[in-house]
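Worksheet for the structure shown next.
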Number of protein chains: 2
Amino acid sequence: MAVLSEDLTPRLVEAVVNGELTPGTKLSEPELARRFEVGRGSVREALLRLEGLGLVERLPRQGARVVSLTPEGLTELFAVREALEGMACRLAAMAITPAEADALTRLLAQHQQFVDSQEEYQRQQGEEDFHYLLFKASHNRMLVSLLGDELYQLLRMYRHRLSYRHSDPRQALLEHRQILDAVLQGDGELAELLMRRHVARSRRHLLVQFQEEMQ
Amino acid sequence: MAVLSEDLTPRLVEAVVNGELTPGTKLSEPELARRFEVGRGSVREALLRLEGLGLVERLPRQGARVVSLTPEGLTELFAVREALEGMACRLAAMAITPAEADALTRLLAQHQQFVDSQEEYQRQQGEEDFHYLLFKASHNRMLVSLLGDELYQLLRMYRHRLSYRHSDPRQALLEHRQILDAVLQGDGELAELLMRRHVARSRRHLLVQFQEEMQ
DNA sequence: GTCGGCATTTTTGTCGACAAATATTGTTTT
DNA sequence: AAAACAATATTTGTCGACAAAAATGCCGAC
């Protein structure tokens with residue numbers, strides 16, 4: 001028998017991230033319970049998890065609302081990401097295994113092929129895969145949990161809402177290659193520096209889109 | 001009317017942090033419900049929050065257990081803290097207000113008095129106050145929430161379990177002063193560097209205590 | 001026409017109850 | 001005596017129910 005509230009959480013996360021439930025929307029527990037055909041307790045539990053992911057805000061006796069997206073929120077998120085992904089790179093330079101190094105090397109070779117063949121196809125996923133594999137190589141469970149679970153969904157929400165367009169794929173691939181090189185050479189300091197620049201660039205890119213799209 | 005599950009959470013946190021509930025202890029929902037005289041639903045909600053704080057681990061159909069403390073866990077926590085507190089310092093150097101600057105300056109003057117008068121009294125709290133005021137000056141709500149709420153309780157748990165003894169108070173005060181000076185001069189880069197060293201020193205200090213006390 | 005107060009309705013916070021799953025205990029077997 | 005099994009007991013996951021609080025709509029007053 002499955003655990004309802006755990007199956008329900010990703011479904012609610014998707015609904016929030018993909019904009020089905022827009023920012024500011026009041027999330028009524030009875031309504032969600034009817035919609036997902038579960039008891040109100042399970043909805044409550046799922047909403048509590050969403051609060052932990054920063055996707056909804058819960059006020060006592062007032063219920064949960066989908067968080068609103070602001071340039072400040074985006075900036076804050078990226079400051080945290082810059083710090084954590086930078087540290088993850090530094091640690092990965094010391095802790096990465098040969099298998100993980102191979103997987104990352106192969107991934108970038110694959111990206112190279114896509115760039116060469118002009119297929120932008122799947123680029124989005126590839127970017128995420130690179131970051132995921134890399135911070136997982138830090139072998140720091142708390143970092144992986146923060147970057148991969150807790151902060152990741154909010155990042156996805158911003159990207160979705162901004163009809164995310166990547167900047168130059170060649171530039172991104174170049175930066176990824178530089179970062180991976182530093183990691184493979186065991187130069188944690190350089191790897192951290194390069195990753196922080198990479199994340200900061202990404203932040204500026206998204207902030208521009210924010211200005212453009214949301215008047 | 002108060003919100004039971006929110007009042008219950010800090011009580012459970014305290015019980016876990018101060019060792020009343022030792023690592024590995026199974027936390028039975030009915031038992032906690034009787035003990036704290038609330039319904040099982042409220043206990044469940046509180047346990048879910050504790051899981052978010054990293055104080056308990058919940059396995060489906062098996063309930064919650066107090067996390068066990070390990071040198072690896074301590075190292076992971078401090079890597080995250082080093083990254084986040086460093087970033088907070090960098091941001092604080094840009095965003096700190098005159099009022100916050102005053103409060104921090106006064107706090108360090110107070111610490112100086114304590115050091116001069118040899119009263120080690122209240123040192124523990126003072127250390128925490130400094131860090132709290134400082135990362136709050138970053139004006140990054142996500143950083144404040146992570147450092148002040150989510151990671152803080154686990155740090156307290158490690159400190160408590162290690163009958164935390166500070167290293168040299170004069171050394172700590174010196175480092176704090178250097179950090180604050182850098183922040184007040186708007187030198188975010190230096191402030192970050194110094195804070196990261198400070199946290200790393202603290203990590204090594206606690207790790208030694210870990211080796212000593214837990215064989 | 002707009003603002004303010006009152007009654008109604010909905011929603012949240014909380015609890016107890018039930019079924020399924022797990023843990024525990026005692027018993028039997030090798 | 002140790003291991004495997006079975007019956008019991010406890011616990012978790014889930015739901016519906018109830019009271020208090022908040023949101024809503026309605027009516028009258030200005």
Side-chain angles (χ1 to χ4, degrees), chain A residues 1-16 19-68 145 149-150 153, chain B residues 1-16 19-68 145 149-150 153:
Chain A
M1 187 197 190
V3 177
L4 267 188
S5 60
E6 290 194 3
D7 290 350
L8 184 59
T9 305
R11 291 210 281 166
L12 262 179
V13 167
E14 282 313 304
V16 170
E20 199 175 319
L21 301 168
T22 55
T25 306
K26 168 83 186 299
L27 297 180
S28 151
E29 293 177 8
E31 188 188 321
L32 291 174
R34 282 191 299 273
R35 175 167 166 184
F36 290 100
E37 294 178 314
V38 295
R40 201 161 66 84
S42 301
V43 171
R44 253 182 103 75
E45 201 166 313
L47 285 178
L48 225 68
R49 292 186 206 270
L50 284 244
E51 186 185 23
L53 295 176
L55 297 185
V56 306
E57 288 168 341
R58 274 168 41 100
L59 294 173
R61 302 273 177 200
Q62 292 194 35
R65 307 192 89 87
V66 179
V67 293
S68 46
S145 160
D149 296 334
E150 300 196 34
Q153 305 302 337
Chain B
M1 188 195 188
V3 178
L4 267 190
S5 59
E6 289 195 3
D7 290 349
L8 184 59
T9 304
R11 290 209 282 165
L12 263 179
V13 167
E14 281 313 305
V16 171
E20 199 175 322
L21 301 168
T22 55
T25 305
K26 170 83 185 300
L27 297 180
S28 152
E29 292 176 7
E31 188 189 320
L32 292 174
R34 284 191 298 274
R35 177 169 166 183
F36 290 99
E37 295 178 311
V38 295
R40 200 161 67 84
S42 302
V43 171
R44 252 181 104 73
E45 201 166 313
L47 285 179
L48 226 69
R49 290 186 207 270
L50 283 245
E51 186 185 22
L53 296 176
L55 297 185
V56 307
E57 288 167 341
R58 273 167 42 100
L59 294 173
R61 303 271 178 201
Q62 291 193 36
R65 305 192 92 85
V66 179
V67 294
S68 46
S145 161
D149 297 333
E150 300 196 34
Q153 306 302 336

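In the text below, chain A, chain B and the rest are named by the order of the sequence lines, each starting its count at 1.
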>> Using every non-hydrogen atom in the two residues, find where A:Ser68 and A:Pro23 come nearest and quote the distance to one decimal.
In response: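 Between these two residues, the closest heavy atoms are CA-CB, 3.7 Å.
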> Do you know which of A:Glu31, A:Glu29, A:Glu45 makes salt bridge (Lys or Arg N to Asp or Glu O under 4.0 Å) with A:Arg40?
Replying inline: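 Only one of A:Glu31, A:Glu29, A:Glu45 forms a salt bridge (Lys or Arg N to Asp or Glu O under 4.0 Å) with A:Arg40, namely A:Glu29.
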> For C:dC15, does either OP1 or OP2 sit under 4.0 Å from a side-chain N or O belonging to B:Ser42?
Replying inline: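 B:Ser42 to C:dC15 OP1/OP2: side-chain N or O found under 4.0 Å.
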>> If the cut-off is 4.0 Å, is B:Arg44 near the phosphate of D:dG13, judged by side-chain N/O to OP1 or OP2?
In response: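 Yes, B:Arg44 has a side-chain N/O under 4.0 Å of OP1/OP2 on D:dG13.
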>> Counting only side-chain heavy atoms from C-beta out, which of C:dT12, D:dG13, D:dT11 sits nearest to B:Arg40?
In response: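 The answer is D:dG13.
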> Can you tell which of D:dC15, D:dA22, D:dG13 lies closest to the side chain of A:Val38?
Replying inline: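 Selected nucleotide: D:dC15.
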Interatomic distance where [atom1] belongs to [X] and [atom2] belongs to [N] [whole Å]:
X       : N      : atom1 : atom2 : answer
A:Gln62 : C:dT12 : CD    : C1'   : 11 Å
B:Glu45 : D:dT12 : CD    : P     : 16 Å
B:Arg34 : C:dC15 : CZ    : C1'   : 15 Å
B:Leu27 : D:dT10 : CG    : C1'   : 16 Å
A:Arg35 : C:dT11 : CZ    : P     : 15 Å
B:Glu37 : C:dC15 : CD    : P     : 11 Å
A:Glu29 : D:dA21 : CD    : P     : 17 Å
A:Leu59 : D:dA23 : CG    : P     : 9 Å

Does the side chain of [Y] come within less than 4.5 Å of [X]'s, by heavy atoms?
X       : Y       : value
A:Arg58 : A:Leu27 : no
A:Leu32 : A:Leu47 : yes
B:Glu51 : A:Arg49 : yes

> Which is true for B:Leu32 with a 4.0 Å heavy-atom rule: it touches a base, it touches only sugar-phosphate, or it touches nothing?
Replying inline: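 Since no nucleic acid heavy atom lies under 4.0 Å of B:Leu32, the category is nothing.
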>> Regarding A:Leu47, tell me which of base, sugar-phosphate or nothing describes its non-hydrogen contacts under 4.0 Å with the strands shown.
In response: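 Here A:Leu47 touches no strand at all.
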